[in-house]
There are 2 protein chains.
Amino acid sequence: MNKSALFHQFVAFTATIHQVTHDLTQNITAANITPLQYKILEYIKVSQPVTPTEISECQHMSLPNTSRELRKLQERQLIQKFSDTADRRKQYVRLSKEGEKMMEEAFACIEERFLQLIQHATQDDLKDIQHALAILEEKVLRQNG
Amino acid sequence: MNKSALFHQFVAFTATIHQVTHDLTQNITAANITPLQYKILEYIKVSQPVTPTEISECQHMSLPNTSRELRKLQERQLIQKFSDTADRRKQYVRLSKEGEKMMEEAFACIEERFLQLIQHATQDDLKDIQHALAILEEKVLRQNG
DNA sequence: CTCATTACTTATCATTTGATAACAAAATAA
DNA sequence: TTATTTTGTTATCAAATGATAAGTAATGAG
């Protein structure tokens, strides 16, 4: 099998994934949130509690800029910070009640849009999709990062 | 089968795809190109010739901003514009020789990184991957856009 | 204790990107 | 013909993001 052909197929695939992600997530929050801030909230939502350093690394941004965005999110009552009792330099970030509500609504909206995407899928189709996702995770994405 | 579970699997999958895309494409050009400009060149590369209006729509940006970025790319000799002989309002954009060279090098670099990702895959693995990509394209991504 | 390191903040500046108004030229419709 | 629409440009402003210097407080190593 031709690896180069597989590469081209993969590139086309990722382009489509990016397009679909854009469609699924556009206009997702009424709140006046920047794209970067949404990304950060999304990460906190699925990984909380997280430290600013972790956010900084996962979002590929500098710690000062992370700190600035977290301050804005805290001012808007969307997140809360707690300092580690053992190591008081460290901080843990969580969504506030309001932030949780906002992100849950956002996720619900994305899920609804996703379900529309697969509305005509049969049970067999769903199994195929699930299996395909698992194959790619295992054989391409989980290789070493 | 639980569609909601599939949704969560899909979300995790797309997050990983975005991460891998980031890794595959980071520091890809020596040229002093902004991320947006790279995206535009990438689109031109695979779809040329394209009009500014098409770029504008596919990249989700306004026509004035598209025009500005194209001007910068033209000043840097990375693209060329031609006006349509039939409808002289229209313009066709292509990569210049230099732009082609740059993008081919970029793509070659990305392909090399991708091949590393699947370096341990057997022939059967490759067939599985190819099939998985096809399934997802057909049953999720090509539903209606 | 002293010194270096870690985790984070504040401040500042540059660059990139987005938004919008105003315009021009060509094509099309009336 | 005149009016309208399409395609694109230029100019300008605002906002978002990136980069970096300097500083604080806590921890840990020696």
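Each chain gets a letter, A, B and so on, in the order the sequences are listed, and its residues count up from 1.
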To the side chain of [X], which of [options] is closest?
X     : options                : answer
B/L63 : C/dT17, C/dA27, D/dT9  : D/dT9
A/S67 : D/dG18, C/dA26, C/dT10 : C/dT10
B/R68 : C/dA7, C/dG18, D/dT7   : C/dG18

Could you check which residues of residues 38-56 of chain B get a heavy atom under 4.0 Å from DNA chain D? Sort them by number, please. B/T51, B/P52, B/T53
Residues in residues 71-88 of chain B with a heavy atom under 4.0 Å of DNA chain D, by number, are B/R71, B/K81
Show every ring-ring contact (aromatic ring centres under 6.0 Å, His included) that has at least one partner inside residues 47-101 of chain A, sequence neighbours left out. A/H60-B/H22
Whole-Å distance between [N] [atom2] and [X] [atom1]?
X     : N      : atom1 : atom2 : result
B/R89 : C/dA26 : CZ    : C1'   : 6 Å
A/Q91 : D/dT24 : CD    : C1'   : 13 Å
B/M61 : D/dA16 : CE    : P     : 18 Å
A/I33 : D/dT17 : CD1   : P     : 10 Å
B/Q59 : C/dT16 : CD    : C1'   : 15 Å
B/E57 : D/dT6  : CD    : P     : 12 Å

Between the side chains of [Y] and [X], is the shortest nitrogen-to-carboxylate-oxygen separation below 4.0 Å, so that they form an ion pair?
X      : Y     : answer
B/K72  : B/E69 : yes
A/K39  : A/E42 : yes
B/E100 : B/R94 : no

Does [X] reach a base, just sugar-phosphate, or nothing at all? Heavy atoms under 4.0 Å.
X     : value
B/T34 : sugar-phosphate
B/L36 : sugar-phosphate
B/E69 : nothing
B/P64 : base

Determine yes or no for a side-chain-to-main-chain donor-acceptor pair under 3.5 angstrom, with A/T21 supplying the side chain and A/I17 the backbone. yes
Using heavy atoms to find the nearest nucleotide of DNA chain C for B/N65 and A/K90 separately, return the residue whose nucleotide is more 5′. A/K90
Is any side-chain heavy atom of A/T66 closer than 4.5 Å to one of A/Q59? no
Salt bridge (Lys or Arg N to Asp or Glu O under 4.0 Å) for B/K3 and A/E111? Distances and angles first, verdict last. CA-CA 10 Å; B/K3 284 190 177 185; A/E111 178 163 356; over 6 Å; no
Looking only at non-hydrogen atoms, find the nearest pair between [X] and [Y] and report the distance.
X      : Y      : value
B/A31  : B/R76  : CB-NH2, 4.2 Å
B/E137 : A/F13  : OE2-CA, 3.3 Å
B/Q116 : B/Q119 : O-CG, 3.1 Å

Quick check on C/dT16: is either OP1 or OP2 less than 4.0 Å from any side-chain nitrogen or oxygen of B/Q37? no
